[in-house]
Asker: 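The structure is given below, and queries will be raised subsequently.
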Amino acid sequence: MTVEGAINASNLSFAGNISAHQVIGFVSLITVSFLTLGVNVVFLLSINSNLYLPHILPQTRCMVTSLVFNELVEVVLVTVLGSLATLIGFLPYGESFCGIQAVVWGSLGQHRTLIIIMIAFERYVDTMCPSTFGPIAAQRISHISCIFSWLLAFVIYSLTSLPFVTGRDVIVNPNGPSYCDATYYFRFVPMIAACIRYFPAALFSLYIFGTIFNIGRRKKLGSKELKSDVTKRRMVIDRVCVTTLLGLVVADTPRTLKQVIESCLTTQIPLWAESISSWCNLLGSFWPAVSFYLLDQEFKATIERRRKPSSVDCCCELQQGDLPDIPPFPPPRNDPETRRWVEAMERSYSETSLSGRMYGNGKIAQTTSTELCSFVSEVFP
C-alpha cells in the first residue's frame, strides 16, 4: 500500500470493521512492546549502577548501553507506533512521519552493525593486550566513539540507500507491526543495504570470538593467569558478549532474507513470512538483557540487590561525606547534673580515646558494652 493510499484510508469508517483477530494482534504487540521497554530500561539502570561498575570495563558498558538504547528506539519507532495500524488497518501519522520512520529505521540497522563490530573488536583487544588496553580505551574515548557511531551509521545509510529512494511504501501487517519502508530506483539496492547491514557484523563477530576462545583453549588450565579473578571475569564478559551479539545476528536473519528475496523476485513476500520477520526482530530486543541475566552471576546479583536492598548493603555504602551535618550543641547549663554529664563524656570521648578507636579506613569503632556500663556508672553513681 502506498503512502497516499494509507492516508486516504483514514477517511473511511473503520470502527465497525475491527475483528477479534485485529484486537488480539494489537493487544499482543502492545504487551510485548511495553514488556520489552521495561526489561531494557531495567537492564540499562542495572548495568550502569554503582553495584555493577566494578565488574565491567567502562568501554564495554558504554557500548552495550548504546546497543540496548538502539533497540529501545527501534521498538518505540516501529513496534509501538506501528501496532495501531494492526488494529485500524492503516498508518494514521501522515506522509512526513512515514519518510522519517523509513530513514531512521534504516540508520538504526546500520548502527546495530557498527556497535556489534565495536564490541567484538573491544573484547579482542582487551584479551590480546590487557595491560595496554585500559589506558588507551578510556571512558571519555568510549563515549566519543559511541556518539560517533550514530553519525557514521546515518552517513553509511545516506551513501548506500538514500540517493536511490523514489518513495515510501506502507506495509500494513495484520499479524505484526506495520511500518514504512523505502522504495528505490533499482531493485538490487535493498539487497545491497541488507548485506552491508548483516554480513560484516556476523562474519566479524564469529571470527573475533572464535579467535578469543581458541586462544583460551590453548592455554594450560593450571596456569596462574587462568586462576586469577581478572582473567575469570574477562572470560565471563567474553562469553556474555558473544552470546548477545550472535543472538542479535540470528534475530536479524529473517529480515535480511526478506529483503534479499524481495529484491530478487521483485515482489513482496507473504504476510506470514512478514510476521515471522517482524516478531523475530522484536523478540531480539530482549536478548541482551536475557543473556546478561542468565550468564553473568554478578549482573544477576546486582538486579537482586537493587530489587531487595538489605540493611547491610545500605550501611556499607555510606561514606564519611554522606553523613549529614550535625548542628552544634547548645552551651551547657551551669548545674551539678549537667557538669557531671559533660565531664563523663569528656573523659570517655576525649581526643586520645577517639584516636585509639579509629580504624585504618577512617571509621569509628562501635562502643563496647563494658565502656557503656562504665560511662553510665560515672553519670549515675
Asker: Taking the side chain as everything from C-beta on, heavy atoms only, tell me whether V104 gets closer than 4.5 Å to F154.
Answerer: no
Asker: Can D238 and R233 be counted as an ion pair, charged N to O under 4.0 angstrom?
Answerer: no
Asker: How close do L245 and I116 get, counting heavy atoms only, and between which atoms?
Answerer: CD1-O, 3.7 Å
Asker: For the side chain of T79 and the backbone of V76, is there at least one donor-acceptor N/O pair under 3.5 Å apart?
Answerer: no
Asker: Let me know which of D252, T253, T113 forms a side chain to side chain donor-acceptor pair (under 3.5 Å) with Y198.
Answerer: T253
Asker: Should the heavy atoms of other residues, nucleotides or ligands under 6.0 Å from CZ of F204 be counted, would the total exceed 12?
Answerer: yes
Asker: Membership question, hydrophobic clusters at under 4.5 Å side-chain separation (ILVMFWY): are I156 and I147 in the same one?
Answerer: no
Asker: Using the ring-ring contact (aromatic ring centres under 6.0 Å, His included) rule, pick out the option among Y293, F299, F286 that qualifies with F43.
Answerer: F299
Asker: Calculate, to the nearest 0.5 Å, the distance between atoms CZ and CG belonging to R112 and L67 respectively.
Answerer: 7.5 Å
Asker: With a distance cut-off below 6.0 Å to the six-membered ring centre and an angular limit of 45° from the axis, does R255 pair with W105 as a cation-pi contact?
Answerer: yes
Asker: Show, in sequence, the C-alpha distance, side-chain angles and deciding distance for I237 and D296, and conclude whether the side chain to side chain contact (heavy atoms under 4.5 Å, CB included) test is met.
Answerer: CA-CA 8 Å; I237 295 297; D296 190 357; 4.3 Å; yes
Asker: Looking only at atom types and distance, does a side-chain atom of N48 sit under 3.5 Å from a main-chain N or O of L44, one as donor and one as acceptor?
Answerer: yes
Asker: Give a yes or no on this: more than 12 heavy atoms of other residues, nucleotides or ligands lie within 6.0 Å of atom CZ of F69.
Answerer: no
Asker: Between Y52 and S46, is the side chain to side chain donor-acceptor pair (under 3.5 Å) condition met? List the steps.
Answerer: CA-CA 7 Å; Y52 191 69; S46 300; over 6 Å; no
Asker: List the steps and the verdict of side chain to side chain donor-acceptor pair (under 3.5 Å) for N281 and E74.
Answerer: CA-CA 10 Å; N281 195 41; E74 187 170 342; 2.6 Å; yes
Asker: Would you indicate whether Y124, at its atom OH, is surrounded by more than 12 heavy atoms from other residues, nucleotides or ligands within a distance under 6.0 Å?
Answerer: no
Asker: Do the non-hydrogen side-chain atoms of E122 and M63 ever get within less than 4.5 Å of each other?
Answerer: yes
Asker: Nearest 0.5 Å, what's the CG-OG1 distance between L248 and T243?
Answerer: 11.0 Å
Asker: Please assess V155 against W150 for the test side chain to side chain contact (heavy atoms under 4.5 Å, CB included), listing each intermediate value before the final yes or no.
Answerer: CA-CA 9 Å; V155 170; W150 289 89; over 6 Å; no
Asker: Please report the interatomic distance OG(S49) to CZ(R305), rounded to the nearest 0.5 Å.
Answerer: 9.0 Å
Asker: Considering non-hydrogen atoms only, spot the tightest contact between V80 and S33 and give its length.
Answerer: CG2-CB, 3.7 Å
Asker: Can you tell me how far apart CG (N40) and CH2 (W287) are? Round to the nearest 0.5 Å.
Answerer: 13.5 Å
Asker: I'd like to know if E262 pairs up with K258 as an ion pair, taking the criterion as any Lys NZ or Arg NE/NH1/NH2 lying under 4.0 Å from an Asp or Glu carboxylate oxygen.
Answerer: yes
Asker: Once rounded to the nearest 0.5 Å, what's the spacing between atom NE2 of H111 and atom CE of M118?
Answerer: 7.5 Å
Asker: Using a 4.5 Å cut-off on heavy atoms from C-beta on, say whether the side chain of T60 contacts that of C241.
Answerer: yes
Asker: State yes or no: do F121 and V240 share one hydrophobic cluster built from I, L, V, M, F, W and Y residues joined by side-chain heavy-atom distances below 4.5 Å, directly or via other members?
Answerer: yes
Asker: Would you give the length of the straight line joining atom OG of S66 to atom CZ of R61, rounded to the nearest 0.5 angstrom?
Answerer: 12.5 Å
Asker: For Q101 and L77, what are the C-alpha separation, side-chain angles and deciding distance, and is it a side chain to side chain contact (heavy atoms under 4.5 Å, CB included)?
Answerer: CA-CA 7 Å; Q101 187 190 48; L77 183 69; 3.9 Å; yes
Asker: Side chains of I117 and S205, heavy atoms from C-beta outward: is any pair under 4.5 Å?
Answerer: no
